[in-house]
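Here the structure comes first, spelled out in structure tokens, and everything after it is commentary.
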Amino acid sequence: MLKVKIFFILIFLTTLASQAQTTGKISGKVLDAQGEPVVGANIIIEGTTMGAAADPEGYFYIINVPSGLYKVKASAIGYTSQITENVQVISGLTTRIDFTLQQSAVQMQEIVVQHTRPPVQKDLTYKMQGINASDLEELPIKGSVKDLITKQAGVTANISTIPISSQPVFGQFATIPSDGLHFRGGRTNETLYLFDGINVTDGLWGGYNLDVIGEYTLQSLSTMTGTFGPQFGEAMSAVMLMNTLDNVVQQYSFKGTAYTDKLGNKSGTQNTWNYEFAASGPIPFLKNLSFIGSARFYSSDGYINGFIYPDYIDTRGIDKSGNPTIVPMQYRDTELYFGKLIWQIFDKVKLRGGYLTSKVTQGIYNHYFKYNPYGTPHVHYDDELIYTKLTHVLSQSTYYDIHIAKYSREFKSHVYDNPLYYEIVPAVGSGEFSISGTDFVFFNSRFDRTEASGTFSSQISNQQFIQIGGTFEQFHTQLTRLNPYGWQYLEDYDFKPFKFSGFVNDKMEFSEIGMVINVGLRYDYFNPNREFVTNIENPLGEIGKVKSRQYLSPRLGISYPISDIAAFRFGYGHYYQYPYIYMANQGMNRQYELYPYPNITSVQGAIAKGDLQEEKTINYEVGVQIKVTDDISADITGFYRKMSNLVGIRIITGYITSGDVVKEQKFPIFDNVNYANVKGVELSIYKRMTEYFQGFLNYTYSQALVTSSLLFSLPQDLSRTFPADWDQTHTLSFGGIFQFPDKWGFSLLGSLQSGLPYTYNQFQPNEERAPMITYLDVLGQKEFSFGPVTAKLFVQIFNILNRKNIWWVYPDSGQPGVDTNPATSDDYTNNPTMWGPGRRVQIGISFNY
């Protein structure tokens, strides 16, 4: 074991290698009309410096191709050239193109053919679902790419089924960041987010705010679930690859869109507006240097409001007559700016530099504050990413990437931006609803990650593609949590942990037998770089360095195609995720007079053990891709996930010694006590664009069983599992794009999902189900051309059937808005978060130059 660890450390020190896949490969053969190889034929990707030459068997490959659409040209002396258009390259996969060149003694006009991606991707050894730029513009997802991600197989949006005021720790942690997504039955924040190959996952809280991403920033977005390769770590459920344009461009391009739903109350308006712009092109007077950039501004009040009645506060919450002031409580305001320079310094050297910044302000609805809406906290996310990447092609078969990046996030959750206001407005409560004052929630945190990495990749033969590497990351985490009334510190710390990782992966493509094998191994090392009590049961005992964690992750993927009709695959892997830093440092408070000892006499939530271990998932996946027709393909996947070492609460007895007196004190701690398992089947059907229509259908059957659904909730019985709060047995989603002559068309996006579970009998947790959830969104559009400018008018209708979806119910009645407690009023039981939004209409315009 020690030799293996030393091996990976040496790899890290000698060559930095990235965890991310942002490029793919193009390969194939060049033959003549008689089927003989055209030795030495030149194959180039037009508009780039990438190319290859055919070997004695006519075989060629081009590696390190950024994801996107290309024109590929094959030419040879004495042959008519051939260009294949619309060649789509996907990160981490191989696109196959074969050329047949016609002999010609004179110069002939080159032949142009359209490439059609085969319905079976022969080297796919794990489930991958992709979205390209055209999908983002054509489907009815105006608002956030998250709306489309939740329509993928095995992905569901998180819906909170417990009111904030009823959640553990008085709901304080209900405002912390979350990606709001469950992949294959996993918890939220079990996903690695990579922007142009750079890790933008919040290492303090977890997740990434996809709500800031609109239509124009990304070139492609890919979701990998299940048994993804060893290039990716610290993710137990999924990997999200967000890639931007990565090639030098020679022509200017401008895009813009604007839309709103401010069309009157009958439109279901949420006072939404959106502006987004993008531009790209060459920089004048500088050869092979181009830019891309985008900006987005979005604002929405949401559909849940609070109310301020003129006499309500003065009469202690009795008089709710008169015309109230309506106050949005689930509003969201976002800004995003992105810029990138791409410089092809030499044919073999490319340099890129990028900058991304976004700001989000968001309201949180707490039903207790319905009539005191300004008493609830709002949250701020300020994200910033700056990076530079260098690619050096050593030969046709070998290249390396190096990148240096810094990602930062500031997160704040509070009622008042000015702390002095807390001293002016006292905290006052009442029975069912708040009269005045504010919530006690107050978080102020910052997370910084500086990383240095790269890739070293080599196609050592026609059959083998090797990647070896490692990554170093230095973190800086600052967090303050307090009760703002009296400024009582509940948590306060400033730490600088670090980690590094190494991996090796071998992709073997045996074209003779059609088999593809991905086999790899990953090593991770995490150092918390802090001191804590060595034995939590002796909370005033010895202080020592928190031990570092290190773990190995084997990964295996096999694909066995049967011609072009079907391809079977199998995947297996171990996946680890060190607990997010707020979990690992829970309860640390440098304002405590005995710091770094924990304050067990006034625990607010829990105290994390110093030796928390990494959480673990073992993933199994079996799947088959099937060619149904020339236009329709299907993918059937069965999966099983076994999760252990999950962080949860347990109660322990600590012993405090004072002189000859030993005092017992029970208190909650974070420990690796929970476990879970998920099993399911996914069916994905896709139809490419023919006869004016393309579409998809995804169905997932799954069962997610856990020992505890809430982090701060004590497990009832660690010897048994029950359905998770987010478990949805059946989910069906579908989408379609219809494009007709005269440049008009429409698209639709819909879903049907099982209701979420709830507990009626405490001895049978989550055995009951709320009603089914369904949605259908429609987008209609008409395109106009004005010279080089194309304009598009569109109308979008969300929830066109105006279904009043029930998200959660009261356990005692099994209904929303009605419970069996005679002491609660109808006003209190009618919590608006129990229902989803109704029909909403918005109109917009976009242009493209």
(request) Mind checking the CD-CE spacing from Glu615 to Met236? Nearest 0.5 Å is all I need. (result) 4.5 Å
(request) State which residue, out of Tyr126, Tyr572, Phe570, fulfils the ring-ring contact (aromatic ring centres under 6.0 Å, His included) condition with Tyr620. (result) Tyr572
(message) Restricting to salt bridge (Lys or Arg N to Asp or Glu O under 4.0 Å), what partner residues turn up for Arg530, sequence neighbours left out?
(response) none
(message) If the test is salt bridge (Lys or Arg N to Asp or Glu O under 4.0 Å), which one of Arg569, Arg555, Lys127 qualifies with Glu621?
(response) Arg569
(request) Answer with yes or no after comparing the ring centroid distance for Tyr525 and Phe500 against a 6.0 Å cut-off, counting only values under it. (result) yes
(request) For Arg409, check salt bridge (Lys or Arg N to Asp or Glu O under 4.0 Å) against everything at least two apart and list the hits. (result) Asp202, Asp383
(request) Please determine if Asp611 and Lys547 form a salt bridge, counting it only when a charged side-chain N lies under 4.0 Å from a carboxylate O. (result) no
(request) Enter the distance from Tyr578:OH to Glu614:CD here, rounded to the nearest 0.5 Å. (result) 8.5 Å
(request) Tell me, please, which residues at least two apart from Thr361 pass side chain to side chain contact (heavy atoms under 4.5 Å, CB included). (result) Tyr331, His378, His380
(message) Salt bridge or not between Lys146 and Asp179? Use side-chain N to carboxylate O under 4.0 Å.
(response) no
(message) Around atom NZ of Lys406, are there more than 12 heavy atoms from other residues, nucleotides or ligands closer than 6.0 Å?
(response) no
(message) Surrounding NZ of Lys412 (heavy atoms of other residues, nucleotides or ligands, distance under 6.0 Å), is the total greater than 12?
(response) no
